[in-house]
Amino acid sequence: MENSQVIGIDLGGTAIKLGRFASDGSCLRSLTIATPQPATPLLVVKAIVDAIAQVDPEQQASAIGIGTPGPSDAAGRIAKIAINLPEWRDVPLADWLEAKTGKPTVVENDANCAGLGEAWLGAGRRFKNFILLTLGTGVGGAIILDGKLFVGHYGAAGELGLITLIPDGPICNSGNQGSLEQYVSVTAIRRRTGKEPAELSTLAKAGDINALTFWQEYGRELATGLATLIYVLTPEAVVIGGGVSACAEFFLPSVYAEIERRVVPASRVGLHILPAELGNAAGMVGAAKLAFLRLGARD
């Protein structure tokens, strides 16, 4: 597998990112295309196959990994549901791509792919046990235990943003009520402030007291959710990714303070809380790592 190449794909509602990677993690060629609209399974697969031909014109890649915005089955074959993509329910995505490309393919949740990416080449590479929280339009998560991605018995574990924060809070798309996602996602920030995270960051830099107060409260709410996860998993690190992580300087101090208040020292020994390092490439990188792991399992 040392000289192998694979393709990592990050499927999103507005864009699809692809890259061809060497086994050391270097990206040999990458491409971003618009997600077809409507983003139905057949249209998306056609767009991906066409894009793979551009990323890998000489067909050097031996396998494909793809992250989708929703859970996959435990075998990594089926996209169970893709949030915000029409008609995506129990789509046999791996079978379809294998039939079109002839390359073994594995499917995984996009946040899990981001966790694998950060574990391989990003902020998680120094830790064997960490959790990743992606603070974006929604809130995704990934759990790395003993250096391996934990997905649970049926493949759907790690939905960290769906844990309950406030029992009678806003209704969540998951059917839960008052989930962490309803307080710390970009969507929640817009609902609560009428502003974008970047705008609140600019105001905070200028010393705006309302913006600074918001980020302090945001950090406390994020930490309240994290406290539950820390008690259950006692990770070495919590990695914060997604678009809101760009504002981390304004909310991380209150995250630390609230965790110190809520979590007993024995459950947070040496705990690190740090921003992710791979940015928007994390899902694509992790999908490539997933493909390498699949190749290794076949050897």
Side-chain angles (χ1 to χ4, degrees), residues 1 4-13 16-21 23 35-36 38-53 55-56 59 61-117 119-120 132 134 140-145 147-160 162 174 282-299:
M1 199 176 73
S4 296
Q5 296 180 18
V6 301
I7 292 170
I9 304 171
D10 182 11
L11 168 60
I16 303 171
K17 294 182 280 290
L18 304 90
R20 176 161 52 90
F21 290 84
S23 57
T35 304
T40 58
L42 291 178
L43 287 177
V44 167
V45 167
K46 182 181 185 306
I48 287 174
V49 171
D50 291 345
I52 287 172
V55 168
D56 188 23
Q59 299 191 34
S62 302
I64 298 169
I66 179 167
T68 65
S72 68
D73 69 322
R77 307 295 302 168
I78 298 170
K80 300 292 290 180
I81 186 170
I83 298 166
N84 298 324
L85 299 183
E87 301 178 22
W88 282 74
R89 188 174 294 275
D90 294 326
V91 175
L93 188 56
D95 288 346
W96 288 1
L97 286 174
E98 287 178 354
K100 296 284 188 181
T101 66
K103 303 179 192 299
T105 300
V106 59
V107 181
E108 185 54 83
N109 170 267
D110 54 0
N112 282 343
C113 286
L116 278 174
W120 186 23
L132 169 78
T134 57
I143 302 169
I144 304 294
L145 296 180
K148 299 176 182 177
L149 179 67
F150 175 75
V151 297
H153 186 50
Y154 291 106
E159 292 289 352
L160 307 184
L162 301 184
S174 67
M284 180 176 67
V285 171
K289 181 62 175 179
L290 197 68
F292 280 122
L293 290 172
R294 176 56 57 93
L295 276 181
R298 291 166 62 96
D299 289 345

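In this chain, numbering begins with 1 at the start of the sequence shown. Below, all heavy atoms of this structure are taken into account, side chains as well, without hydrogens, waters or symmetry copies.
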After noting the C-alpha distance and the side-chain angles of Leu132 and Ile144, does the key distance pass the side-chain contact (heavy atoms from CB on, under 4.5 Å) rule?
-> CA-CA 8 Å; Leu132 169 78; Ile144 304 294; over 6 Å; no
Please step through side-chain contact (heavy atoms from CB on, under 4.5 Å) for the pair Val45 and Leu43, ending with a clear verdict.
-> CA-CA 6 Å; Val45 167; Leu43 287 177; over 6 Å; no
What do the steps show when you test Asp90 against Lys80 for salt bridge (Lys or Arg N to Asp or Glu O under 4.0 Å), and what is the final call?
-> CA-CA 4 Å; Asp90 294 326; Lys80 300 292 290 180; 3.2 Å; yes
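A side-chain donor-acceptor contact under 3.5 Å links Thr134 to the backbone of Gly140. Panel note: side chain Asp10, backbone Lys17; no donor-acceptor pair is recorded below 3.5 Å. Asp110 places no side-chain N or O within 3.5 Å of a backbone atom of Gly67 that could act as its donor or acceptor partner. Between the side chain of Trp120 and the backbone N or O of Ala288 there is no donor-acceptor pair closer than 3.5 Å. Listed for the Ser72 side chain is no donor-acceptor partner under 3.5 Å among the backbone atoms of Ile78. The main-chain N or O of Pro104 is never found under 3.5 Å from a side-chain atom of Glu98 such that the two would form a donor-acceptor pair.
Residues Ile16 and Pro36 have side chains in contact (heavy-atom distance under 4.5 Å, counting atoms from C-beta outward). Within the 4.5 Å cutoff, the side chain of Pro69 has heavy atoms near those of the Leu85 side chain. Side-chain contact check for Leu295 versus Ser62: some heavy-atom pair is nearer than 4.5 Å. Side-chain atoms of Met284 and Phe21, non-hydrogen and from C-beta on, do get closer than 4.5 Å to each other. Counting heavy atoms from C-beta outward, Val106 and Ile64 have side chains that stay 4.5 Å or more apart. Using a 4.5 Å heavy-atom cutoff, the side chains of Pro41 and Leu93 are not in contact. Side-chain contact between Val44 and Thr40: absent, with no pair of heavy atoms (C-beta onward) separated by less than 4.5 Å. Counting only heavy atoms from C-beta outward, the side chains of Ile52 and Thr101 approach each other to under 4.5 Å.
The two atoms that bring Ala291 and Gly65 nearest to each other are CB-N, 3.6 Å, heavy atoms only. Ile7 and Ala61 make their closest contact through CG1-CB, 3.6 Å (heavy atoms, listed as atom of the first residue, atom of the second, distance). Taking every heavy atom of both residues into account, Arg294 and Thr105 meet most closely at NH1-O, 3.9 Å. For the residue pair Val55 and Arg20, the shortest heavy atom distance occurs at O-NE, 2.9 Å. Counting all heavy atoms, side chain and backbone alike, Ala94 lies closest to Gly76 at CB-O, 4.0 Å.
Of the charged side-chain nitrogens involved, at least one lies within less than 4.0 Å of a carboxylate oxygen, so that Arg77 and Asp95 count as a salt-bridged pair.
Residue Lys103 qualifies as enclosed at atom NZ: its count of foreign heavy atoms under 6.0 Å is above 12.
Taken from CD1 in Ile143 to CG in Leu160, the straight-line distance is 5.0 Å, to the nearest 0.5 Å. To the nearest 0.5 Å, atom CG of residue Asn112 and atom CZ of residue Phe150 are 10.5 Å apart. The CD1 atom of Ile81 sits 11.5 Å away from the CH2 atom of Trp88 when rounded to the nearest 0.5 Å.
Every side chain to side chain donor-acceptor pair (under 3.5 Å) that Lys46 has, sequence neighbours left out, goes to Asp50.
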